[in-house]
Amino acid sequence: MADSKGSNHDNLFASPLGKVPGFVFDQAVVDVFPDMIQRSVPGYQTIINLCGELAARFVQADSNCYDLGCSLGASSLAIRQQIQQPGVKIIAVDNSAAMLERCSTVLQQDQCETPVDLVEADICAIDISNASLVVMNFTLQFIAIDKRQAMLEKIYAGLNPGGCLVISEKLLFEPESLNQLLSELHHQFKRAQGYSDLEISQKRDSLENVLLPETLETHIKRLRACGFNSASPWFQCFNFASLVAIK
Ligand code: GEK
């Protein structure tokens, strides 16, 4: 519902909800998504910009770029604007029809020539081939943990030699006291972005069992097990990080 800050302002969790429903990427989320993600994920814009810089470095001529869990296409746009090679196609995948519909409108307003194929699918079910860049910005965290290894093996197999994978995620920390600290620092960030304590706590409840964070060590270990010998975080702010892995 619109508030005094406008119809694109995220106030989805501002009123008491009683039993908070599990988070879904529906039309209500689509309508406020840019505001929601900017005010919820510290470093979001820095990470999106870096995807453009990596595109300039890693995208090979006549190859594919994948944006897995593309939402409204922020990563695809950043990549598209920096591609310097001919014959490249971006394949942007999301399983939310509402997201893809809005994404299509957003992409039409951009003048770059590189084609973007929008695919409505579960990223666990798509083929990945001839890839020079694969971006998963805050999407792996929504995939069942027992499917993550197969997902990353598929990406490794579909990447060309020298290709690059970017994974950005919310992280879990050990021991629990450290997790608590990083989580409180994140909540402080959200408060500074204008979210109330009620919004923060209802959103947290809504994401429980939907967004499943893992430790940085688990991510690195899995990437190595999938064949990525070259993998490292390049960015972290509180409990959010972005990793780069090269084939
Ligand atoms: C950005 N990358 O702006 N298959 C396909 N899509 C999925 C799946 C799945 N199994 N599970 C979730 N999604 C974007 C932000 S948002 C992150 C990504 C966030 C989609 C889901 O529909 C949503 O659009 C996206 O992954 C996650 O850089 O909201 O925290």
Side-chain angles (χ1 to χ4, degrees), residues 1-52 67-82 90 92-112 116-120 123 135-142 166 168-170 185-208 210-211 235 237-240 242:
M1 196 200 290
D3 60 16
S4 62
K5 293 188 173 120
S7 59
N8 299 325
H9 182 76
D10 172 24
N11 64 359
L12 297 182
F13 294 93
S15 309
L17 294 173
K19 187 170 166 17
V20 180
F23 194 83
V24 285
F25 292 96
D26 58 10
Q27 190 62 50
V29 168
V30 168
D31 290 341
V32 300
F33 189 74
D35 180 66
M36 171 185 276
I37 199 151
Q38 293 272 359
R39 292 198 294 131
S40 302
V41 176
Y44 174 73
Q45 196 55 53
T46 302
I47 291 170
I48 296 296
N49 294 347
L50 189 273
C51 290
D67 178 4
L68 304 179
C70 62
S71 299
L72 303 189
S75 310
S76 288
L77 277 178
I79 292 166
R80 195 189 203 189
Q81 285 158 4
Q82 294 291 333
I90 299 174
V93 186
D94 207 290
N95 64 356
S96 159
M99 280 288 185
L100 281 187
E101 196 185 333
R102 181 69 55 83
C103 183
S104 165
T105 311
V106 171
L107 289 173
Q108 277 164 27
Q109 287 157 10
D110 173 65
Q111 305 301 320
C112 295
V116 183
D117 282 2
L118 291 184
V119 179
E120 186 182 332
I123 58 169
V135 170
M136 289 183 99
N137 278 334
F138 307 105
T139 305
L140 190 64
Q141 60 195 14
F142 293 108
V166 180
S168 308
E169 289 277 291
K170 186 173 190 181
L185 292 173
H186 174 226
H187 292 165
Q188 200 171 311
F189 166 85
K190 290 189 72 166
R191 253 176 247 118
Q193 301 297 313
Y195 284 114
S196 68
D197 287 339
L198 178 67
E199 286 177 292
I200 293 169
S201 92
Q202 293 195 132
K203 176 81 177 285
R204 189 189 50 213
D205 292 349
S206 176
L207 286 170
E208 182 92 39
V210 176
L211 190 167
F235 176 89
C237 184
F238 312 134
N239 46 358
F240 289 82
S242 185

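When side chains are defined from C-beta on, Leu100 counts as touching Cys70, because their heavy atoms get closer than 4.5 Å. Put simply, the side chain of Phe235 does not reach to within 4.5 Å of the side chain of Leu50, judged on heavy atoms. The shortest side-chain heavy-atom distance between Met99 and Cys103 does not fall under the 4.5 Å cut-off. Using a 4.5 Å cut-off on side-chain heavy atoms (C-beta onward), Glu101 and Val30 make no contact.
Annotation: side chain to side chain donor-acceptor pair (under 3.5 Å) contacts of Ser71 (sequence neighbours excluded): none. Every residue two or more places apart in sequence or in another chain was checked for a ring pair (Phe, Tyr, Trp, His ring centres under 6.0 Å) with Tyr195, and none qualifies. Applying the side-chain contact (heavy atoms from CB on, under 4.5 Å) test to Ala74 and every residue at least two apart in sequence or in another chain returns Tyr44, Ile48. By the side chain to side chain donor-acceptor pair (under 3.5 Å) test, Asn137 is found to be paired with Ser75, Ser168, residues two or more places apart in sequence or in another chain being considered. Under the rule for a ring pair (Phe, Tyr, Trp, His ring centres under 6.0 Å), His187 has no partner lying at least two apart in sequence or in another chain.
In terms of modelled atom types and a separation under 3.5 Å, the side chain of His186 and the main chain of Cys237 share no donor-acceptor contact. Without hydrogens or angle criteria, Glu169 side chain to Gln141 main chain gives a donor-acceptor distance under 3.5 Å. Of the possible donor and acceptor atoms, none in the side chain of Asp10 sits under 3.5 Å from a partner among the backbone N and O of Asp35. Under a 3.5 Å cut-off, the side chain of Arg102 and the backbone N or O of Leu72 do not form any donor-acceptor pair. Using a distance-only test at 3.5 Å, with no hydrogens or angles considered, no donor-acceptor pair links the side chain of Arg80 to the main chain of Ile90.
Residue Val135 comes nearest to Cys51 through the heavy atom pair CG1-SG, 3.9 Å, listed as atom of the first residue, atom of the second, then distance. The minimum heavy-atom distance linking Lys190 with Arg39 is given by the pair CG-O, 4.0 Å. The two atoms that bring Pro42 and Ser40 nearest to each other are CD-O, 3.4 Å, heavy atoms only.
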Could you list the donor-acceptor pairs under 3.5 angstrom formed between side-chain atoms of residues 12-28 and any protein atom two or more places apart in sequence or on another chain?
residue: Asp26; atom: OD1; partner: Ala28; partner atom: N; Å: 3.3
residue: Asp26; atom: OD1; partner: Val29; partner atom: N; Å: 3.1
residue: Gln27; atom: NE2; partner: Asp31; partner atom: OD1; Å: 3.1

